[in-house]
A.B. asks: 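I have a structure I would like to understand better, so I am pasting it below and will then ask my questions one at a time.
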Amino acid sequence: MSLSGQLYKLQQLDLELQKKLQELRETNHELSDNKTLVDAESKFFSYKEQLEDVSRKQKNSEWELEDLQEKIRQIDSKLYSGTTKDPKELVNLEKEVKGLKSQIKPKEDTLLGLMSQIEEIEANIKTTIEEIERFRQEWEQKQETFGERKSEIETLLAKLKEDRIALAQQVDPEALNTYERIRLSRGQAVTKVERGKCQGCHIAVPTSQWQKVKAGDLIQCNSCSRILYLE
Ligand SMILES: [Zn+2]
């Protein structure tokens, strides 16, 4: 095999290696990405907090309502027990009880509002628990699928690296240096010559150079410096 042929083959291995490394990165990303599950879990905790908060308000509201009813009962019993004879005091007590009774309806409304909030939050919690369960199953499935893919890629990568080392050992060290140097600046170091043109920059290759390439010499394109290769 000509030197440029060896380098071309080396480049194919390098490209394949790059591709597999990229796949490995993507696979690792998939394996570590559990954002949907984490988001659903934090949603669950925030609903739990809301539930505690509103439940506390509900208890307070119930106590307030009981207090109010107790006060009304006490005044009512004063009014109707006959112990209070003073008409002025009776009028005051009646006024007071009226005022207290007018507070009952708004307090009951508040309590009902809180109870319906609790129902709503409980429904949200139920939905979120179902979501978490589903996301967790998906996550486990994903771990299995991408875990398998990862080990496949790693096996392939190990094989490619071995092949790469073996091939690089056969290549003339100076040519290998040139290859690495161009690869760093151009991405791809070796390019085919087709219909008399360098396929890296699409500039025509002079006949004299083309003949040298054909003879197996290591020739770089005049315009883009890539190593020219003829199949
Ligand atoms: Zn070129």
Side-chain angles (χ1 to χ4, degrees), residues 18-157:
Q18 267 175 24
K19 212 171 94 187
K20 290 293 161 206
L21 281 170
Q22 179 58 29
E23 276 178 39
L24 185 64
R25 272 193 292 274
E26 284 163 10
T27 307
N28 282 334
H29 175 73
E30 288 295 334
L31 281 168
S32 63
D33 179 20
N34 61 350
K35 193 174 179 302
T36 33
L37 182 58
V38 171
D39 284 353
E41 280 169 348
S42 74
K43 205 163 78 177
F44 170 78
F45 288 119
S46 122
Y47 283 140
K48 275 280 193 197
E49 270 175 32
Q50 278 181 34
L51 185 65
E52 277 172 28
D53 182 44
V54 180
S55 299
R56 232 180 347 256
K57 284 181 183 156
Q58 186 206 8
K59 277 268 163 289
N60 286 336
S61 175
E62 280 169 354
W63 287 332
E64 281 176 23
L65 199 58
E66 278 169 25
D67 275 357
L68 194 58
Q69 280 160 341
E70 182 53 30
K71 274 182 194 155
I72 292 168
R73 251 195 311 277
Q74 282 171 3
I75 300 173
D76 272 348
S77 81
K78 255 190 196 171
L79 272 171
Y80 302 115
S81 65
T83 48
T84 312
K85 306 277 190 217
D86 182 7
K88 210 173 164 191
E89 203 191 333
L90 284 171
V91 169
N92 281 340
L93 285 172
E94 265 168 11
K95 221 192 246 175
E96 197 184 341
V97 93
K98 205 177 160 198
L100 290 172
K101 278 180 179 166
S102 72
Q103 290 175 34
I104 286 185
K105 179 81 170 79
K107 285 210 185 296
E108 279 175 347
D109 288 347
T110 306
L111 184 59
L112 283 175
L114 290 168
M115 282 158 83
S116 83
Q117 271 186 48
I118 287 178
E119 257 176 51
E120 204 179 302
I121 298 168
E122 280 173 343
N124 285 338
I125 287 179
K126 189 169 173 277
T127 314
T128 311
I129 289 174
E130 285 162 5
E131 273 178 9
I132 289 174
E133 188 47 41
R134 194 172 69 244
F135 292 154
R136 191 166 287 149
Q137 278 171 12
E138 285 173 6
W139 165 254
E140 279 162 13
Q141 182 61 52
K142 208 164 90 166
Q143 291 298 307
E144 208 175 299
T145 312
F146 284 93
E148 278 170 26
R149 190 172 299 170
K150 184 181 172 163
S151 71
E152 281 168 18
I153 295 171
E154 282 172 340
T155 310
L156 269 170
L157 268 172

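Sequence positions, counted from 1, serve as the residue numbers for this chain.
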A.B. asks: Quick one: are Gln50 and Ser46 in side-chain contact, heavy atoms under 4.5 Å?
C.D. replies: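 Yes, at least one pair of side-chain atoms sits under 4.5 Å.
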A.B. asks: Check whether more than 12 heavy atoms from other residues, nucleotides or ligands sit under 6.0 Å from atom CD of Gln22, and answer yes or no.
C.D. replies: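 Yes - once you tally the heavy atoms of other residues, nucleotides and ligands closer than 6.0 Å, there are more than 12.
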A.B. asks: Report the distance from atom CG of Asn124 to atom CD of Glu131, rounding to the nearest 0.5 Å.
C.D. replies: 9.5 Å
A.B. asks: Roughly how far, to the nearest 0.5 Å, is NZ of Lys142 from OG1 of Thr36?
C.D. replies: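 If I round to the nearest 0.5 Å, the distance is 6.5 Å.
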A.B. asks: Quick check: closest heavy atoms across Trp139 and Asp33, and the distance to 0.1 Å?
C.D. replies: CZ3-O, 3.4 Å
A.B. asks: Report yes or no: does Gln143 contribute a side-chain atom to a donor-acceptor pair with the main-chain N or O of Leu31 at less than 3.5 Å?
C.D. replies: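 Here the side-chain-to-backbone pair exists.
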A.B. asks: Should Lys126 and Glu130 count as side-chain neighbours, where that means a heavy-atom distance under 4.5 Å?
C.D. replies: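 Yes, their side chains come closer than 4.5 Å.
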A.B. asks: Kindly compute the distance separating CG (Leu111) from CE (Met115), expressed to the nearest 0.5 Å.
C.D. replies: 5.5 Å
A.B. asks: Does the pair Arg149/Glu152 count as a salt bridge with the N-to-O cut at 4.0 Å?
C.D. replies: no
A.B. asks: Is the shortest side-chain N to carboxylate O distance from Lys43 to Asp39 below 4.0 Å?
C.D. replies: no
A.B. asks: Between Thr83 and Lys78, which heavy-atom pair has the shortest distance, and what is it?
C.D. replies: OG1-O, 3.9 Å
A.B. asks: Between the side chain of Ser81 and the main-chain N/O of Ser77, is any donor-acceptor distance below 3.5 Å?
C.D. replies: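 Here the side-chain-to-backbone pair exists.
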A.B. asks: Can you tell me how far apart CD1 (Ile125) and CD1 (Ile118) are? Round to the nearest 0.5 Å.
C.D. replies: 10.5 Å
A.B. asks: Looking just at side-chain N and O atoms, do Gln74 and Glu70 make a donor-acceptor pair shorter than 3.5 Å?
C.D. replies: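 Result is yes, a qualifying pair exists.
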A.B. asks: Do NZ/NE/NH1/NH2 and the carboxylate oxygens of Lys105 and Glu108 come within less than 4.0 Å?
C.D. replies: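 Salt bridge flag = no for Glu108 with Lys105.
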A.B. asks: So which atom in Ser61 and which in Leu114 form the shortest heavy-atom distance, rounded to 0.1 Å?
C.D. replies: CB-CD1, 3.9 Å
A.B. asks: If I compare all heavy atoms of Lys20 with all of Leu156, which pair ends up nearest, and what's the gap?
C.D. replies: CE-CD1, 3.8 Å
A.B. asks: Only one of Thr27, Thr145, Asn28 clears side-chain hydrogen bond (donor to acceptor under 3.5 Å, both in side chains) with Lys150; which?
C.D. replies: Asn28
A.B. asks: Rounded to the nearest 0.5 Å, what separates atom CG in Leu79 from atom CG in Leu93?
C.D. replies: 5.0 Å
A.B. asks: Side chains of Gln117 and Glu120, heavy atoms from C-beta outward: is any pair under 4.5 Å?
C.D. replies: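 A side-chain contact under 4.5 Å is absent here.
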A.B. asks: Is there a side chain to side chain contact (heavy atoms under 4.5 Å, CB included) between Glu138 and Gln141? Walk through the geometry before answering.
C.D. replies: CA-CA 5 Å; Glu138 285 173 6; Gln141 182 61 52; 5.5 Å; no
A.B. asks: Please determine, by modelled atom types, if Arg134 and Gln137 share a side-chain donor-acceptor pair under 3.5 angstrom.
C.D. replies: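 Result is no, nothing qualifies.
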A.B. asks: Heavy-atom count check: over 12 atoms from other residues, nucleotides or ligands less than 6.0 Å from Lys48 NZ?
C.D. replies: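 Open: at most 12 neighbouring heavy atoms sit under 6.0 Å from NZ of Lys48.
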A.B. asks: Under a 4.0 Å threshold between the charged nitrogen and the carboxylate oxygen, would Arg56 count as salt-bridged to Asp53?
C.D. replies: yes
A.B. asks: Determine the minimum heavy-atom distance between Phe135 and Ala40, stating which atoms define it.
C.D. replies: CD1-CB, 3.7 Å
A.B. asks: Leu68 and Leu100: which non-hydrogen atoms are nearest, and at how many Å?
C.D. replies: CD1-CD2, 3.6 Å
A.B. asks: Measuring from Ser55:OG to Asn60:CG, what's the distance to the nearest 0.5 Å?
C.D. replies: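 Going from the OG atom of Ser55 to the CG atom of Asn60 covers 11.0 Å.
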